[in-house]
Amino acid sequence: MALDDSKKPREFKIVGTRPDRPDGIDKVTGRARFGADMVAPGMLTGRILRSPHAHARIKRIDTSKAESLPGVKAVVTRVDFGAVPDHVADIMDNCMAGEKALYDGHAIAAVAAISPAVARHALKLIEVDYEVLPHVTDVDEAMKPGAPVLHEGRQEETVPKGMSGNVIARAEFGHGDIEAGLKQADRVVERTYRTAATHQGYIEPHACLATMGADGQGDLWVCTQGHYMVRNTCAAILGLEQGQLRVTASEIGGGFGGKTTVFLEPVALMLAKKSGRPVKMVMSRSEVLRATGPTSSTSIDVKIGMTKEGRITAGFAELRYQGGAWPGSPVNMGAMSGFAPYDLENVKTVGWDVVTNRPKAAAYRAPGAPMAAFAIESAIDELAKGFGLDPLAVRLMNGADEGTKSSYGPTYPAIGLKATLEAARKHPHWTAPLGKNQGRGVACGFWFNFGGDTCVSLNITPDGTVTVSEGNPDIGGSRASMTMMAAEELGIPYDQVRTIIADTGSLGQNEVTDGSRVTFAVGLATIEAARAAKREMCRRAAMIWDIDEDAVEWEDGAARPAGPNAGKFPPMTIKEIAAVASNTGGPIAGHHEVTAEGAGVSFATHMVDVEVDPETGATKILRYTVFQDAGKAVHPSYVEGQFQGGAVQGIGWALNEEYIYGEDGILQNAGFLDYRIPVASDLPMIDTVILEIPNPGHPYGVRGVGETSIVPPLAAIANAVSAAAGVRMTQLPMSPPRVLAAIQADG
Amino acid sequence: MVKVLLWGSLADLADGAREVEVEADTLRALLDGLARDHPGLRPELARGVSVSIDGRIYNDSWFTPIGPESEVVLLKRLQGG
Amino acid sequence: MSRIHVTTKINGDETEFLCEAEATLLDVLRDELGLTGTKEGCGTGDCGACSVTVDGRLVCSCLMLGAEAEGREITTIEGMATGETLHPLQKKFIEMAALQCGICTPGILVAAKSLLERNPDPSEEEVRYWLAGNLCRCTGYDKIIRAVLDTAADMRRAS
Amino acid sequence: MRFEAPRSVEEAVTALAGQTGAHVLAGGTDLLVKLRAEMIEPDLIVDIKRIAGMREIAAEEGGWRIGAAVSGAEMGEHAGLVADWPGVVEAAGLIGSTQVQGRATLAGNLCNASPAADSVPAMVAAGAVARIVGPEGTRDLAVIDVPKGPGKTALERGEFIASIFLPARGARSGDAYLRFIPRTEMDIAVVGCGISLSLDEAGRVTAARVALGAVGPKVILVEAAAEAIKRRVLDEAALSDLAEACSKAATPIDDKRGTVAFRRHVAGVLARRAAVIAEARAKGETA
């Protein structure tokens, strides 16, 4: 059968519409089961004892009193885990401290008991002798020679000799000659920018329910962005065979990158193993903020030269990111992405990965990119305004296009940056009048987008309806998108397909729900699985008609003779083929397993109006518009939702969110009261404009959309606030005391 | 031979060359060839890299074909949220 | 440590339970009664995921003891639909994509219903301030606010 | 831990006096947070909401007596109270979310003794009086004298606040409360300012009380600020003097919510803005 999609623009019947999501009723009625909603017979409560120190040597842990407390069924410390393979050693260390506690909130021991009250009591009976060590939480301080060093022997060969042991790695990117470029500039802006660490702020705390038998078989129910990752990591840490550990993903109450690793899970499994009982663990909000993975705080130097016409002659940035207590901050992605929207002859970035006494940074939506964009887009804005140039025109003049050699190396295929800029320039928002104390800002943003290991299994039921099994937790409506793509490909109605998230026992390896990969990669696999099923159905029809397989084609949910020469047969619908499947060779299914490559990069331009109260420094967001390339918007409502959600997380990052550490290295705002994510009354509606420049790497042209939307807001808002306040803001968050101080210092 | 563009600081580990040539027709052959011809790159290769081939980014697929005219760029391993 | 016997009405049903003195209403709903539609996002009254009504008044169930429920009437998300008929807000939230992950959705629906019972014609600003105690990290609130305003308009037309 | 829900003041007092580690539960919006954080580990919790009168707002001598368990939401729905003391009602209405409003009380906000309590500066500006019951009987104490410092009150063992009294509102009088927070909702005040004032027929201030919150260990009644505007119409000069007096009276600290300089400055800004609202209300204009 000839199924090869021709390259002609495709007309869609279902893709691009806005059907109700399949998990909608479960989620509006409270039936949907999230991480903490599961129970098991005989279940115990697990709790973790956490370090009250930012940096301390653990000299002794005495758990005997806790163990003898009635109702306590297991106590676990690092000793129980023994040695673990190298590739999970840091993860292990983060889940349960070894020789040292490396940050406030670091797990030290855990108990499982018959009730929360007994578990709480047991934690108080665990005695820990700490030798408190000097600590460091600031990235620039941590880089200084003489700063307290967290780890010995972790520095990579990329770091020049003589630097603090906290400096783990250095990497340099770019091309051209910066000094020569700067000489051509009419003006050079050189500034240092700083951003605070922020947390993904998902509303659902981490939770899991573990069972582990003496036979080496385990089951885990968990809220995660990737249950296959949880399986593989836990199996490695506990010395299990991956096939013996079945992990089921619960509904997930937000992740944004923060649920792409493990925290509780290995501990819960170990408690379950030792106690012989199911163990449920649920983090409190304070534990989430203290001891999961926020993003890096950063310190970034930028030097950009521009001609008076607006041409950028050279762009340089040196980025310092602290990634918490272990190596692996997202600095390289910041360094590679910051100048990515521009076509530059001379560009160079240097990234430094630094460790500090803070929780290990986890991914957060376009990890590393928003901070770099904040610094670079702020400097470009300052140059453009200094010359009295239109900031959109300057970006268009320097904007990357198909054929541009990107700042991180590759030459771009078809990309949508300029389309977002043109759309922004034509939008009524751009020319709307502004009032007193108001300012408008724009900024661009880029994200790579990923693919990765993906499996989809698609089954045709005897009544001719369809089930799709995929292995990626649905974090924002992806079951709807998969259902749509399967229905589109099969030519059947949306409500004839149901998509589920299968457990780790049901499919092969699936990469985590991250990197904006799911609609792209799982969508691709779903389409291919549907195509496999179509081929099989065409084959069955060919058997029934007794004609050649190649003479059958699939159209509108039915097999048909491919042309007048194939024979005259009425079409056989999917239902008719399914009804006789047992007579024609058995059940019909399609599946596809792939390492999806070819995710298309994505660009956005954001535009925001703010008003700054000159007497208090308070900023109000008045109007916000997102312009982003989606490749092809499968379910436009959920594409808009990604744009809006990313923009608002960026607003929080820009204005109020920050990890505040005291002199003692203790986190001072481990709660939603003082870790201030935006509330409904802080915001206007977030307008969206979806551009569709198809990704050649996907059959329907889909690009990931989830992450790019958080890249431009920090800079767009900083540019708007700077315009409104009349003073350039270079440090985030732009909290009222900071803005007021800047206004007053400016006189 | 395929031309491979290295990121800035990687070049220092390949005797200063920003662009190196490797005999390869697949991603696997490319990575093997780089490790063989440029021992200085081995630690970074061991930590994991992504490779852009004609503007598309690949992480793992060994047998991705590479043509003699392909644009090949070595990237720091990418990670998403 | 003797447990307290409480008689109450939950979603219209006479309900009895035993609870520890320090158990919150949220603990009781989720752990004793299996009503896990009410969520815990913070345990400190800052996120609104645990919103329920008590004698018609919107509260955070994490900020109320289970023992205080004696003789009260409590409504949770599980009491919002009638049989298979969804409340107009529930229908509209699905239709307008006013949820992404869905963890905040029960609390927001309970809170929004409470608003529309008091004020059938709220302004956008009134909706935003009424829901300020219901954190949502996915949506940026846009589609939530629109869904509430749209439902209010539908319900006014229908009445 | 035990839980009791007495039906009378006497029972409540007996229970509270007879047990160390006893805590009063009214709205519970602070108590339950502390319980969960294990900041307190009470032996007994006494829920006062089932005591007669605790959930009532009653007219008394031209003013209003507000039961200790009346929630912010109930205050906001009471037309008479809102007409007389809009500033106090708004201040109570700023405590937490709609959900918290369904439970949080004036008496609880006062007894929590947080320097940043929103309703306290408004009550102090209003000249509110707390009625305290206890083993020794009943006593009245000006609201400003209830908090002694962060987390500390003038209540003796076995005592609790049964009601708050807001005096009669005179003619041509108005009050207002404003606070500064980084977001629009859900935050603790960085600075708060309550003002109550009366005007003569010419619009000159005849009486004023100005109180600041979150700029000292407890609420500050700023006599100098009141003096600065007395006998004056609230023109630019008077408002500047008011603002300056407030900034000068503030004795804030640097912490995670704000700096000394910011709090001092904003104390003046809020005083000026609150005065304008209170003045409009005194003149019968809507604000």
Quick check for you: among D:R36, D:H265, D:R263, D:M186, which has the greatest number of heavy-atom pairs under 4.5 Å with chain A?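 So the answer, after comparing D:R36, D:H265, D:R263, D:M186, is D:H265.
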Pick whichever of A:N656, A:I660, A:L655 has the most heavy-atom pairs under 4.5 Å with chain D.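 The option with the most such pairs is A:N656.
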Chain D contact via [X] - which portion, at a heavy-atom distance below 4.5 Å:
{"X": "A:L740", "result": "side chain"}
{"X": "A:S286", "result": "neither"}
{"X": "A:D674", "result": "side chain"}
{"X": "A:S681", "result": "both"}
{"X": "A:E658", "result": "neither"}

Quick one about D:T259 and D:D254 (side-chain donor to acceptor, distance below 3.5 Å, no hydrogens or angles considered), yes or no?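 No donor-acceptor contact under 3.5 Å links the two side chains.
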Spatial distance of atom CZ (A:F374) from atom CD (A:Q731) [nearest 0.5 Å]: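 Here the interatomic distance stands at 8.5 Å.
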So, taking the atom named OG1 in D:T184 and the one named CG in A:L683, what distance separates them when rounded to the nearest 0.5 Å?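 D:T184 atom OG1 to A:L683 atom CG measures 8.0 Å (nearest 0.5 Å).
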Verdict with reasoning, D:S240 to D:R272, per side chain to side chain donor-acceptor pair (under 3.5 Å): CA-CA 7 Å; D:S240 290; D:R272 167 196 284 266; 3.0 Å; yes
Toward chain A, the part of D:R273 with a non-hydrogen atom under 4.5 Å: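 Only the side chain of D:R273 comes within 4.5 Å of chain A.
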Run the salt-bridge test on A:R120 and D:E41 with the 4.0 Å N-O cut-off and return the result as yes or no.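 Looking at D:E41 together with A:R120, the answer is no, because their closest N to O distance does not fall below 4.0 Å.
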Where does the angle between the aromatic ring planes of D:F180 and D:F262 fall among parallel (under 30°), tilted (30 to 60°) and perpendicular (over 60°)?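 The rings of D:F180 and D:F262 stand perpendicular, inter-plane angle above 60°.
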